[in-house]
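These notes concern the structure reproduced below.
The first residue of the sequence shown is numbered 1, and numbering continues consecutively from there. Since this is a predicted model, take the numbers as computed values, not measurements.
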Amino acid sequence: MKAMVLAAGLGTRLKPITFEIPKPMVPVLDRPVMAHIVGMLERQGFDRLIANLHYHPDTIRDYFGDRLSYRYEEELLGTAGGVRNVADFFGDDLIVVVSGDALTDVDLNALVARHRETGGIATLTVKRVADTREYGVVLHDREGRITGFQEKPDPAEALSNLGNCGIYCFSPEIFDYFPDRPFVDWANDVFPALLDNDVPFYIYETEAYWNDVGSLDELRQGTFDLLEGRLDLPVTAAPPAEGVELLEGAKAWIGEGCRIGDGVKLMGRVVIGDGAVIGDGAQLRDTVVFPGTEVPAGSILIGAIAGQAGIADRLRPLAALEGAAGR
């Protein structure tokens, strides 16, 4: 089966991290978030994958190599235009699209089955969200046919609490409803055209984990959720860290090749990436330390994300993850 991984975005909400690396390559525990997505796709039977590239394309291409096919966008084509740009890759097959910068364990085969069952032209994965102000929400009728959208409505005005996850299944006919220009957006161009033309398209509601990693807070929370096993993605076991004091109730993941100084104390949830150096007497609470980062002696980090230049060069190679045992 075929699928597309969206990987061309700028990741502006994750600045300053994304000054150096594209958002899909931001590390979450032992690997970039996009590596979690690619692994999930392959485990679910999607063995032919393509990614669109734009921002720092070589970082993604060099990491995944021939694991994926690629389509470079000299200028961004939009959320839908990038998909049309790979229409030849899918041919007459169904088009499955997943964000490469989101953390999820959604069942994509169930999405495809729902699409076939309804017979609509598009199926959108949705999930109930606590705060509609952070998401575009989807309105639907009793059969799950989509009737409209609201963009980040105030909860008091929201007509739905189903957030659009940006995970889609389309029939090839979807391209008949695209405007005749290169840049095309699903929310502003294609979905309104489907509604205007009374074309049936439907929701696939999931209870799976989904985090669009749209902010630094969401990145930290997604990392902790994976640490605590709240989503079904395999993670390589971290080697035991000697000389580290875990205060009562603390949970930590410490990567390979780390150097931990004397008297280091970890509290709450802490993730320390491969090759990081934690100086003597440092205290970390609810903190993520990116691979290769040096935390000076005596530092106190609370609710932080610590990183420094050169993250892309310190990511654990994809080959090192092959065959790694899950949690």
Side-chain angles (χ1 to χ4, degrees), residues 11-36 56 59 101-103 131 134 209 211-231 233 235-316 320 327:
T12 54
R13 291 184 294 165
L14 283 188
K15 292 179 179 178
I17 299 169
T18 49
F19 283 140
E20 181 179 335
I21 58 174
K23 185 182 171 188
M25 297 305 290
V26 171
V28 178
L29 264 65
D30 62 344
R31 67 196 76 186
V33 62
M34 184 170 164
H36 287 294
H56 289 301
T59 303
D101 55 8
L103 197 59
D131 188 351
E134 298 295 323
Y209 183 94
N211 180 335
D212 74 347
V213 193
S215 67
L216 295 173
D217 285 344
E218 288 175 333
L219 170 60
R220 188 173 55 247
Q221 186 60 54
T223 301
F224 295 155
D225 288 342
L226 186 55
L227 170 69
E228 296 179 327
R230 293 201 176 103
L231 63 163
L233 294 176
V235 176
T236 54
E242 299 179 0
V244 178
E245 183 180 356
L246 291 176
L247 272 64
E248 185 176 356
K251 187 174 183 62
W253 187 92
I254 300 173
E256 297 178 346
C258 294
R259 287 187 287 145
I260 310 295
D262 296 332
V264 170
K265 295 182 179 179
L266 306 182
M267 298 158 275
R269 300 159 297 177
V270 176
V271 170
I272 301 174
D274 296 341
V277 178
I278 311 298
D280 294 346
Q283 300 181 50
L284 282 63
R285 179 193 292 272
D286 294 331
T287 287
V288 175
V289 179
F290 280 164
T293 300
E294 182 172 351
V295 176
S299 297
I300 298 176
L301 301 181
I302 301 174
I305 297 176
Q308 61 192 50
I311 295 172
D313 297 330
R314 299 183 177 100
L315 295 172
R316 189 178 299 192
R327 195 189 286 104

Any side-chain heavy atom of [X] within less than 4.5 Å of one from [Y]?
X    : Y    : result
P27  : L315 : yes
W253 : V235 : yes
V33  : L219 : no

Is the side chain of [X] donor-acceptor paired with the backbone N or O of [Y] at a distance under 3.5 Å, no angle test?
X    : Y    : value
R220 : G303 : yes
T223 : Q221 : no
D262 : D280 : no
D30  : T236 : yes
E218 : D212 : no
K23  : V213 : yes

Nearest 0.5 Å please: distance from the [atom1] atom of [X] over to the [atom2] atom of [Y].
X    : Y    : atom1 : atom2 : result
L284 : S299 : CG    : OG    : 8.0 Å
D286 : M267 : CG    : CE    : 9.0 Å
D217 : R13  : CG    : CZ    : 11.5 Å
R269 : T287 : CZ    : OG1   : 10.5 Å
R230 : F224 : CZ    : CZ    : 10.5 Å
L226 : L103 : CG    : CG    : 6.0 Å

Exercise. Can you name the residues that form a side chain to side chain donor-acceptor pair (under 3.5 Å) with Q283, not counting sequence neighbours?
Worked result: none
For this session: Kindly write out the residues that satisfy side chain to side chain donor-acceptor pair (under 3.5 Å) with D131, not counting sequence neighbours, or none if the list is empty.
Result: R133
So, for [X] and [Y], which heavy atoms are closest and what is the spacing to 0.1 Å?
X    : Y    : value
A306 : L301 : CB-CD1, 4.2 Å
D274 : G255 : OD1-CA, 3.2 Å
V264 : G261 : CG2-O, 3.3 Å
G292 : R314 : CA-CD, 3.0 Å
I311 : F290 : CD1-CD1, 3.5 Å
C258 : G273 : SG-O, 3.0 Å

Problem set entry | side chain to side chain contact (heavy atoms under 4.5 Å, CB included) evaluation trace for L266 with I254 | CA-CA 11 Å; L266 306 182; I254 300 173; 4.1 Å; yes
For this session: Start with the C-alpha gap between L246 and V270, add the side-chain angles, then the distance that decides, and say whether side chain to side chain contact (heavy atoms under 4.5 Å, CB included) holds.
Result: CA-CA 10 Å; L246 291 176; V270 176; over 6 Å; no
For this session: Mind running side chain to side chain contact (heavy atoms under 4.5 Å, CB included) on R31 and H36 for me, showing each step along the way?
Result: CA-CA 7 Å; R31 67 196 76 186; H36 287 294; 3.3 Å; yes
